[in-house]
Amino acid sequence: MDVSALRRQVFGDVGPDYEYFDEIAAVKSLGLAVGDTSGNFLPNDNIRYQDAVEMLMKLLGYYEYAQKRGGTEAVAAKIGLTKNVPSGGG
């Protein structure tokens with residue numbers, strides 16, 4: 001994916017000079033990451049378990065389905081996505 005056209009601030013805390021700007025811009029453009037309520041990505045924070053599961057469900061095309069059937073974590077468990085992964089990430 002060519003993200004060169006997106007070389008603008010993608011989140012409040014991720015600008016074009018950020019080391020992983022292209023990767024973060026790509027996940028935003030794909031709708032996989034939306035940031036927090038303040039419009040920040042928080043790139044230096046650990047990703048939360050539920051956010052990782054949500055991103056994977058979006059990537060796999062199960063997000064809308066999961067929203068109608070118990071939520072992303074429940075459906076991820078049902079399809080085996082989180083098999084052998086400690087609940088809550090740790």
I need the full list of ring pair (Phe, Tyr, Trp, His ring centres under 6.0 Å) pairs touching residues 64-84, with sequence neighbours left out, sorted by first then second residue. none

Flag yes if more than 12 heavy atoms outside Asn46 fall under 6.0 Å of its CG atom; otherwise flag no. no

Distance (rounded to the nearest 0.5 Å) between Leu32 CG and Met57 CE: 13.0 Å

Side chain to side chain contact (heavy atoms under 4.5 Å, CB included) assessment of Tyr20 paired with Val14: CA-CA 9 Å; Tyr20 298 107; Val14 179; over 6 Å; no

So which atom in Val10 and which in Ala25 form the shortest heavy-atom distance, rounded to 0.1 Å? CG1-CB, 3.8 Å

Over all atoms of both residues, closest heavy-atom pair of Ile47 and Asp51: CG1-CB, 4.0 Å

Counting distance only, does the side-chain N/O of Asp13 pair as donor-acceptor with the main-chain N or O of Phe41 below 3.5 Å? yes

Please tell me whether Leu81 and Val75 are part of a single hydrophobic cluster in this structure, the criterion being side-chain heavy atoms less than 4.5 Å apart. yes

Do Lys28's NZ or CZ and the ring of Phe11 fall within the cation-pi criteria of under 6.0 Å and 45°? yes

Minimal non-hydrogen separation, Tyr18 against Pro43, with atom names: OH-CB, 3.2 Å

What is the distance from atom OH of Tyr62 to atom CD of Gln67, rounded to the nearest 0.5 Å? 15.0 Å

Minimum heavy-atom separation for Glu73 and Tyr49, please, with both atom names. OE1-CE2, 3.4 Å

Take Gln50 and Thr72 through the test side chain to side chain contact (heavy atoms under 4.5 Å, CB included) and record every step on the way to the result. CA-CA 8 Å; Gln50 57 267 33; Thr72 54; over 6 Å; no

Considering all heavy atoms, the nearest Ala74-Gly70 contact: CB-O, 3.5 Å

Salt-bridge criterion met for Lys58 and Glu54 (N-O under 4.0 Å): yes

Any donor-acceptor pair under 3.5 Å from Asp36 side chain to Ser38 backbone: yes

Linking I/L/V/M/F/W/Y whenever their side-chain heavy atoms sit closer than 4.5 Å, directly or via other members, would Val34 and Leu59 fall into one cluster? no

Output, in order, the C-alpha distance, side-chain angles, deciding distance and verdict of side chain to side chain contact (heavy atoms under 4.5 Å, CB included) for Leu60 and Met55. CA-CA 9 Å; Leu60 295 171; Met55 289 173 70; over 6 Å; no

Look up atom OG in Ser29 and atom CG in Asp22, then write down how far apart they are to the nearest 0.5 Å. 10.5 Å

